[in-house]
Structures are given as C-alpha cells and as structure tokens.
Amino acid sequence: MNGAVDKLKLFLRRPSGVLGIAILVAVTAMALTAGHFFPDGPTRMVARPLLWPGQQAGLLLGTDRMGSDILAGIMYGARASLLVGLSAAAVSIVVGTLVGAVSGYYRGWADDVLMRITDAVQTIPSFLAAVVIVGVVGASLTSVIISISIVSWPMIARLVRAEFLRLRNFDFVHACRIIGMSDARIILTQILPNCLSSIVVASSVLVATAIIVEAGLSFLGLGDPNVVSWGSMIGSGRTVLRAGWYITVIPAAFVVVTVLSINLIGDALNDALNPRLRER
Amino acid sequence: MTAGSVRIGGGSRFFNGAVLRFVARRLLQALIVMLMVMTANFVLIKLAPGDIVDVLTGSSDMTAEQIASLRQEYGLDQPVIVQFVKYFARLAQFDLGYSNQFHDTVLNIILGRLPTTLLLVAFSVILSIVIGTVMGVAAARSAGKLVDSAISALVLLFYATPVFIVAIVMILCFSVWLGWLPTSGLYSVGAGHTGFAYIKDVAAHLVMPVVALCTFYTAIYSRLARATMLETMHLDFVRTARAKGLSERRVIYGHALRNALLPIVTMAGLQVSSLIGGAVLIETVFGLPGMGRTAFDAIFTRDTNLLLGVMFIASLAVVVVSLVVDFLYALLDPRVELK
C-alpha cells in the first residue's frame, strides 16, 4: 500500500500531470452534465445561425451554421470522444493482453501464429483500415469503436508479450508451477499484476490515439450520423471557414487540449511507475 | 569514405547462405501479411450488404445473364471456401475488379492516383526527419534552457494535434487570412503553366499538405534526436572528434547523431504506413487526387470494390517499404543478425 502512496506522490510532483488530470476532469464533467444543461440535445436550433461567441447573451460559444448552440455540441461531443476513446482502449487492452499473455506464456506455435497476425495488423495502414471497416460495415458508434480496437490492440499485445517473456522465468513463477497452480491462475494472479504499470502507461496512448482516430472518422462523415462529436463539428464547420472560423476552431481546440491532457497524464504516469526511465 | 559516412560490412556478407535465408524469411513474412489483408478483404465483402458479385459489379448496367454467369464464375453456388480460393486467385493476379463509377479497372484507377500519394508521403518523411532532427539537436544543445523548453512545448503540441486539424488551421492562416497559398488541387486548373512555372505551381499546392502531414512525426524525430544527443555528447568518441579539431557541425551530424540513424530508419518505415492512413484525411481536405481521396470517394459512391482495392494496394506498398527498410537496416548496421 505504501508503494502506491509513493507512486501517487511521484505523480503529483509533476505539475504537468496534475494539469492533465485537471483538464480531463473538466472535460469529463462536461460530458456527464451535457444532458442536464441541454436536455433537448445538441442539434436543436436555438438562435440565428452563425452568431459569434458572445454576440448574444446566453450563447457563450455562439451558434453554428444550423443555428445550434456550439456549447451544447461541445458538451455532447465530449461524451462521444470520451466514450469512444475509453471503450476502444478497453477492448484493445483486453484483446491485446489476452494475445500477448498467451504468446509470451506458452511460446511455441501459438506464439508464432499470434505474432504473425500481430505483425500483419501492425503493418496495415491503421487509419485507412478503420475507414475501410466503417465504410463497408456502416457508420455507428459501435462500428467506430470496433474498427479502432481492431487496429490498436497489437501495441498492447507486443508489450504484454515482452513482459511475459521476461517474467515467466522468474523464481516465483517456477514456485507457483511446482505447487501445482493452474496456468490460467499463474497468468492472471501472478504475472499479469506485474505488467499492470506498463499497461496503464500504454493505455493513455491508446485513449489519446482512439480520440484522434474517432475525430478523424467523424470529420470525414464516417462517424455515427446520430451523434454529434467534435470531429463532425469540425467537418461541418469547414464549409463556412471564411464566414465563421470559430465554428471549426472551437471543437478543434477541444480535441487538441483533451489529447494533450491525456498525453501529459501518460508522461507523468510513466515517470511515476517506471522510475528507471526518469532521466529521459 | 569519409569519417561521417556509414561503413558497410565486408563485401561477401550479402551473398552467402545466411543472407538468402534472411531474404526468404522476410519475403515469407511479407506474403503472410498480404494473405491476411486478402482474407480481411474477403471477410469485409461477406459483411457488406449483398453478395460478392453485387459488390464487384456495383449498381451496374450489366445484363441479368452477365451477372448470372459472373455468379457462376465466382462459385457463389459453391461453399464459402471455394469462393475464398477463387477470390484469392483473382487478387494474386492483381485482378481487383471493375469500377462502374469511373468506367475503368480498379487497378488502373489506383495506379493513376498512386503517384500523388507517394509524392506527398515521400516529401513528408524527408521533411519531418530534417526538421525533427534540427529541432532535437537545438533542444539538446540548450538542454534545460529556454530554447529547450520552447521546443518541448512545440513537440507536445505537435503530438496532440491530429493532422486534419493542422491542415485546417493552416488553410485558415495561409489561405483565408493571408491569401498566400491555394487551398485545393494539385495544380492551378486552366492556368496552363509549363516548365519551371508548373513546378512552382505544384509546389505551392503541396506545401500545406506536406507540412500538415509531417507535424506528428516531426515531434517523434525531435524527441529521438534530443535523446540521442544527450546520451552521446559526453562520450569519449565525441570528445575525440572535438579534439581532432572538427567543426561543431561535423561533430554533431557526423559523430554524435550517428547513433540515431538506425532508430530513424526504423521509424521512417513505420511512418510510411501511418502517413498513408493520414493521406486519406489530408487528400480529402486539400482535394488532392490521390489514393486516400479515392478511398473516401469510394465510400460515398458505395464502390466497395474500389475501396478494398485501395486497401490492398496500400498494404502492398507498406509491405514493400518495410522490406526495403529491413534490408537497409541490415546494410547500415553490420551488427544486425540476419535471421
């Protein structure tokens, strides 16, 4: 328990990590309270289109080209970004950990087959693959999450495999085997907990990447047509870039700041959990 | 050879049994990747609404008999495994089918679009390596000072900004506000430029797409160069180089930074794959007639055949590049085991 407290202290010593947490908490709060502040949803026409931020009282960020409140779009968009980012990261972590654990623990032909598959998926241009999957299967929140997961799990698989290859020969693992513990139990309760810090650090990269990919897909019009997201707001604002650049720049800024905050948290986590690398 | 150039291992090294085995092994891996891409394409066709012939012909003007004979040819009355093998056989011969939207074979359409994408990707790789390295070196030389902090902040920003957002912000600044650069296309239609004027025109159209596409990897190369510099600047061989009286530039780029060469080659290989994906966004934003734009158009015209063709050719391009990178790697570093 003491170790966890020490790590928390290490983390909190990095002001950038604390800043990252603060931003992410704010964005999460926006996502959670969107329905409270805007019960009618983000697409309702509330005023004249193309009102600049502050031009009319009560419309803090102005209106888009359809006369919807941009603030409402931003808050509902936070929901879409975080939902897709976290779900895709969760699926990738589960799949990647499973593949990596089996590969690294059993080695042999299972390792060969799984690693060839991992190689192949890593070689394919991942954004193009996501575009193709969503394009063929059809755009929905689920297909976006699945397509991002399909292209992102290999990173985790490689990481977990490397950790398992390292840890499988440690004495404590041999000891477990000698007392007759099952493979599944050794993998889940003995080796996996020792990989957790690496997985946690890598998952911050996964979430950030997933948010970027989701924004890119919905920017291209390949997001769920019934969901307002930051990417789709940027995409629709682009057509009126000359008349109202704020419509594009506001959601774009939210994407950048959110991804930045997750990267800052990841860097701070890395420093706190992998002290060996701290000099870098 | 000068001190700064890379020494290539003994001449016979590349013509013995170990090399042949290495080449064979890498080719086999490349083949496995392509087989998996083909399998994925087949699964996607199966997932798409309609059967394979619907996909291959699109909403076409073929007669019912033609379609029926095509169904027989593809063996749709036969088990899935037979269809699978037939599909493989066609792809292996680069028969990617026909696009009714463009009235041409998918292969011809893609080959026509490929040069634009390759131009975009090649320039982005080069530019990001050059700018990233210069930034990293500048940061390392002023480690802990203002310049270093400024570059670190810039790198963080580059890391967090998706390429299409960079693209739009650049359009806003340099086209909408300043009016310096054209926003779309590969050249000015109807201007009739020739010779140098034409090259200048194309360059003006490509500046923003290339810069937008390379920001993310500029950040990566910058971190790489900075870390390498900080590790090597105190080592003896760098001090020796200085003591020999070499210029600071020769010391840095000829000696200290040499250690970054291999990670840069590895990263450049990965970058190509990622940039081809990014090209979908960049080519769409800037209206460039490349492969990525073709994929985007194919989705909205429901031309699944063309879409999967782009996927196939793009994967093939990446596989070829990664093969080249592996051989380059072995060539650059005599320590690399050929296995």
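Letters A, B, ... mirror the listed sequences (proteins, then strands); counts begin at 1.
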| What part of A208(A) is in contact with chain B, defined as an atom under 4.5 angstrom from a non-hydrogen atom: side chain, backbone, both or neither? | neither
| note | The interface call for Y159(B) against chain A, heavy-atom contacts under 4.5 Å, is both
| Side chain / backbone / both / neither for S274(B) at chain A, heavy atoms under 4.5 Å | neither
| Where do S198(A) and L159(A) come nearest, in terms of heavy atoms and distance? | O-CD2, 3.6 Å
| query | Side chain, backbone, both or neither: which part of V285(B) has a non-hydrogen atom closer than 4.5 Å to chain A? | reply | both
| remark: Smallest heavy-atom separation, L156(B) atom then R223(B) atom, equals CD2-NH2, 3.9 Å
| request: Name the region of V132(A), side chain, backbone, both or neither, that has any atom closer than 4.5 Å to a heavy atom of chain B. | output: both
| query | With no hydrogens and no angle check, do the side chains of T117(B) and E283(B) hold a donor and an acceptor under 3.5 Å apart? | reply | yes
| Of the non-hydrogen atoms in A212(B) and V166(B), which two are nearest, and what is the gap between them? | CA-CG1, 3.8 Å
| In terms of side-chain heavy atoms, does S218(A) have a donor or acceptor partner in S229(A) at a distance below 3.5 Å? | yes
| query | Which atoms of T123(A) come close to chain B, meaning under 4.5 Å heavy atom to heavy atom: side chain ones, backbone ones, both, or neither? | reply | both
| Most heavy-atom pairs under 4.5 angstrom with chain B, which of D119(A), I133(A), V134(A), I234(A)? | I234(A)
| Contact part of I211(A) toward chain B, heavy-atom cut-off under 4.5 Å: side chain, backbone, both or neither? | neither
| Using non-hydrogen atoms only, which part of L44(B) is less than 4.5 Å away from chain A: side chain, backbone, both, or neither? | both
| said: So that I can tick it off, tell me whether D111(A) and R161(A) are bridged by a salt bridge, with the cut-off set at under 4.0 angstrom between side-chain N and carboxylate O. | reply: yes
| What distance separates L308(B) CG from F42(B) CZ, expressed to the nearest 0.5 Å? | 11.5 Å
| message | Report which part of V249(A) has an atom under 4.5 Å of a heavy atom belonging to chain B: side chain, backbone, both, or neither. | response | side chain
| So which heavy atom on A295(B) is nearest to which on L307(B), and how close? | O-CD1, 3.5 Å
| Looking at S261(A), A130(A), G216(A), G231(A), which one has more heavy-atom pairs under 4.5 Å with chain B than the rest? | G216(A)
| field | Region of A253(A) in contact with chain B, defined by heavy-atom distances below 4.5 Å | value | neither
| Which atoms of R238(A) approach chain B - backbone, side chain, both or neither, heavy atom under 4.5 Å | side chain
| chain B contacts, top residue of V137(A), I117(A), V131(A) (heavy-atom pairs, under 4.5 Å) | I117(A)
| task | Let me know if M311(B) has heavy atoms under 4.5 Å from chain A in its side chain, its backbone, both or neither. | result | both
| Roughly how far, to the nearest 0.5 Å, is the CE atom of M30(A) from the CD1 atom of I74(A)? | 6.5 Å
